[in-house]
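The figures here come from the full heavy-atom set of this structure, side chains too, leaving out hydrogens, waters and symmetry mates.
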Amino acid sequence: MKAFNLCHVDVWRLTPPVFDGRPLAVPLCGDDPAALATVRTLVADLGCTPVDGGGLDRAMLLEATAAFMIGLWFGGVDAQAVLPPVAYSGV
């Protein structure tokens, strides 16, 4: 199971972590259906939205994303501005 690695500890202290009316989305990577169900419940209980990120083979992508985004934040960039809302993603 891989989850809860994209945010600083201060985000997890928010009850709930909601930004501009949007609950925090938490990507989950895992291969065990029971573990995924448990973590989905934990994420929802925190007031967040669980997001399926695929199996554990994709966990390294989640780590790389975290490293990239945290680097932007430390550089003073609003990382949310890097990715437009899904309505503008061409889907």
Can you name the nearest heavy-atom pair linking [X] to [Y], along with the distance?
| X | Y | answer |
| --- | --- | --- |
| M1 | L28 | CE-CB, 4.1 Å |
| G47 | P23 | O-CB, 3.4 Å |
| D31 | G55 | OD1-CA, 3.2 Å |
| R40 | P50 | CG-CB, 3.8 Å |
| V86 | S89 | O-OG, 2.7 Å |
| P27 | L6 | CG-CD1, 3.7 Å |

Within this structure, what is the OG1-CG distance for the pair T41 and L46, rounded to the nearest 0.5 Å?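 Going from the OG1 atom of T41 to the CG atom of L46 covers 11.0 Å.
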When you look at CE of M60, are more than 12 heavy atoms from neighbouring residues, nucleotides or ligands closer to it than 6.0 Å?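 Atom CE in M60 is not packed in, count stays at 12 or less.
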Around atom CZ of F19, are there more than 12 heavy atoms of other residues, nucleotides or ligands at under 6.0 Å?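 Correct, the count exceeds 12.
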Apart from V82 itself, which Ile, Leu, Val, Met, Phe, Trp or Tyr residues share its cluster (side-chain heavy atoms under 4.5 Å, direct or through members)?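 Besides V82, the cluster holds F68, M69, I70, L72, W73, F74, V77, L83.
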Do V26 and V18 land in one hydrophobic cluster if side-chain heavy atoms of ILVMFWY residues count as linked below 4.5 Å?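 No, V26 and V18 fall in different hydrophobic clusters.
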Common cluster, F4/L62, ILVMFWY with side-chain heavy-atom separation under 4.5 Å: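 Cluster IDs for F4 and L62 differ.
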Do you know which of L42, V11, V43 makes side chain to side chain contact (heavy atoms under 4.5 Å, CB included) with C48?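 Result for side chain to side chain contact (heavy atoms under 4.5 Å, CB included) with C48: V43.
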By the salt bridge (Lys or Arg N to Asp or Glu O under 4.0 Å) test, which pairs, at least two apart or in different chains, include something from residues 61-78?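 Counting only pairs at least two positions apart or across chains, the salt bridge (Lys or Arg N to Asp or Glu O under 4.0 Å) contacts touching residues 61-78 are K2-E63.
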